[in-house]
There are 2 protein chains.
Amino acid sequence: MLITRATEYALLSLDYIRKSEYPIGAEQLSDALNIPKSFLAKILQNLAKKEILISKKGAKGGFVLQKEIKDVTLFDIVAAVEGRPAMVFDCTQYTDTCPNNGPKNCTISPFLVNFQKKIDALLHSLSLEDILSE
Amino acid sequence: MLITRATEYALLSLDYIRKSEYPIGAEQLSDALNIPKSFLAKILQNLAKKEILISKKGAKGGFVLQKEIKDVTLFDIVAAVEGRPAMVFDCTQYTDTCPNNGPKNCTISPFLVNFQKKIDALLHSLSLEDILSE
DNA sequence: AGGTAATTAGAGTAAAATTGTCTTAAATTT
DNA sequence: AAATTTAAGACAATTTTACTCTAATTACCT
Ligand code: SF4
Ligand code: SF4
């Protein structure tokens, strides 16, 4: 699963937010889209930290898009929400159980690198504009 | 993570198997590649069920490639090993918690379908030959 | 035919990631 | 100051991944 529930919620939220002139609060979004409030709040926080959303605290606060939708890519959204870029396969987390003791003499490692590049390119090529107008 | 540990083990095994004239047993593979034996056995079983490997029981048995490496795609391997095709995001398993009560009036569903098609095309375009010669 | 080497099948366990909750603090508006 | 709303972090539940074990079956080989 390249896209998780968190990313799904992020995309649905971003679509809702972009249609509003005013900031949208986490609770309002949660009600409108039927997404668990606390979970959604975390997701929105992450989007704000990565400069995709602007967050405004206090009464009448909420979230607003920080960039134009053509300038936000799926790559950025997934990276923000998931806390790390979307990975095809992460060798680095298997250093202690790697059958080949590192990618140096691994027969499939070159492929994995290449494949990752293709996925990255695909994710970079898809802007929020593309996503929400399909 | 589009590729799991099971698929990694499958690819490493397929590379090992294709280099041998004789059938390779699960235990031999497990020793050679340092992969947990029982786990690997399951993976090989799945590859055999999906007609990627031929399995030969009894003494001097083991696994042999069933097709030429150019005729096995990454799509098939992942589907065989994982038990289902690689999915970008599976709406169908969220029927009871879908914020939009089904893809009919979902703003991102069209994109998801489109994105899935691109991933499928990519997975279909990569043969074992491509993978192991990179 | 009998013994052994291997796969097959399926239940079951352990570890890790995802998904979701709660509570408290901080900031902003009115 | 009071009300509203985000921020942060610890925590719990659920699901998926990773892996194990045992028993059964099949085929080779002498
Ligand atoms: S074996 Fe190859 S793919 Fe698997 S972890 Fe080691 S390097 Fe990465
Ligand atoms: S909301 Fe859209 S994407 Fe999320 S589950 Fe329902 S249909 Fe699929």
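What you see below is based on every heavy atom in this structure, not just the backbone, and it leaves out hydrogens, waters and symmetry mates. Quick note on labels: first sequence line is chain A, next is B, and so on, each numbered from 1.
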Expected rows: protein N/O vs nucleotides 10-15 of chain C N/O, under 3.5 Å:
from, atom 1, to, atom 2, distance (Å)
C:dG10, N7, B:Lys42, NZ, 2.8
C:dG10, O6, B:Lys42, NZ, 2.9

Within residues 75-92 of chain B, those residues having any heavy atom closer than 4.0 Å to DNA chain C are none
Between CG of A:Leu47 and P of D:dA8 the distance, given in whole Å, is 14 Å
From CZ of A:Phe63 across to P of D:dT5 the rounded distance in Å is 12 Å
Take B:Glu82 and B:Thr4 through the side-chain hydrogen bond (donor to acceptor under 3.5 Å, both in side chains) test and state the conclusion after the steps.
CA-CA 8 Å; B:Glu82 232 81 16; B:Thr4 68; 2.6 Å; yes
Rounded to whole Å, CD1 of B:Ile43 lies from P of C:dT7 at a distance of 14 Å
Discussion item. Are B:Met1 and A:Ile3 connected into the same hydrophobic cluster when the rule is that any two of I, L, V, M, F, W, Y join if their side-chain heavy atoms are below 4.5 Å apart?
Written reply: no
Side chain to side chain donor-acceptor pair (under 3.5 Å) pairs touching residues 23-42 of chain A, sequence neighbours excluded, are none
Step through the shown structure and confirm whether more than 12 heavy atoms of other residues, nucleotides or ligands are within 6.0 Å of NZ on A:Lys67.
yes
How about A:Gln93: does its CD atom have over 12 heavy atoms from other parts shown lying under 6.0 Å from it? yes
To the nearest angstrom, the CG-C1' distance between B:Asn34 and D:dC19 comes to 15 Å
Categorize A:Ala41 for me: base, sugar-phosphate, or nothing, with a 4.0 angstrom heavy-atom threshold over every strand shown. nothing
Fill in: Any B:Ser55 side-chain nitrogen or oxygen under 4.0 Å from OP1 or OP2 of C:dT8
yes
**Message:** Taking A:Ile69's backbone N and O only, do any of them form a donor-acceptor pair with A:Glu129's side chain (distance below 3.5 Å, no angle check)?
**Reply:** no
Tell me if a side-chain donor or acceptor on A:Gln116 pairs with a main-chain N or O of A:Phe111 at a distance below 3.5 Å. no
Report task. Kindly check if the number of other-residue, nucleotide or ligand heavy atoms within 6.0 Å of NZ (B:Lys118) is above 12? Result -> yes
Enumerate all atom pairs, one protein N or O and one N or O from nucleotides 22-30 of chain D, separated by less than 3.5 Å.
from, atom 1, to, atom 2, distance (Å)
D:dT26, O4', B:Lys57, NZ, 3.2

Between CG of A:Leu44 and P of D:dA7 the distance, given in whole Å, is 9 Å
Exercise. Go through the steps for B:Thr73 and B:Leu126 under the test side-chain contact (heavy atoms from CB on, under 4.5 Å), then give the verdict.
Key: CA-CA 6 Å; B:Thr73 69; B:Leu126 290 165; over 6 Å; no
Taken to the nearest 0.5 Å, the spacing of B:Leu14 CG from B:Ile24 CD1 works out to 11.5 Å
What residues 1-20 of chain B contributes to the DNA chain C interface at heavy-atom separation below 4.0 Å is none
Requested in this report: For the pair A:Ser13 (side chain) and A:Tyr9 (backbone), establish whether a donor and an acceptor sit closer than 3.5 Å, ignoring hydrogens and angles.
Outcome: yes
Before we go on, tell me: are the rings of B:Tyr94 and B:Phe89 under 6.0 Å apart, centre to centre? yes
Q) Do any N or O atoms from the side chain of B:Asp90 and from the backbone of B:Thr92 form a donor-acceptor pair under 3.5 angstrom? A) yes
So, with a heavy-atom separation below 4.0 Å from DNA chain D, the residues of residues 93-103 of chain B are B:Gln93
Partner of B:Phe115 under side-chain contact (heavy atoms from CB on, under 4.5 Å), picked from A:Asp130, A:Leu123, A:Ile131, is A:Leu123
note: B:Lys49, atom NZ; C:dT7, atom P; distance rounded to Å ~ 15 Å
Any A:Leu44 side-chain heavy atom under 4.5 Å of A:Leu29 side chain = yes
side-chain contact (heavy atoms from CB on, under 4.5 Å) test vs B:Ile52 passes for just one of B:Leu128, B:Asp71, B:Ile17, B:Leu47, namely B:Leu47
From CD1 of B:Ile35 across to C1' of D:dT20 the rounded distance in Å is 16 Å
Whole-Å distance, A:Asn46 CG to D:dT6 P, equals 15 Å
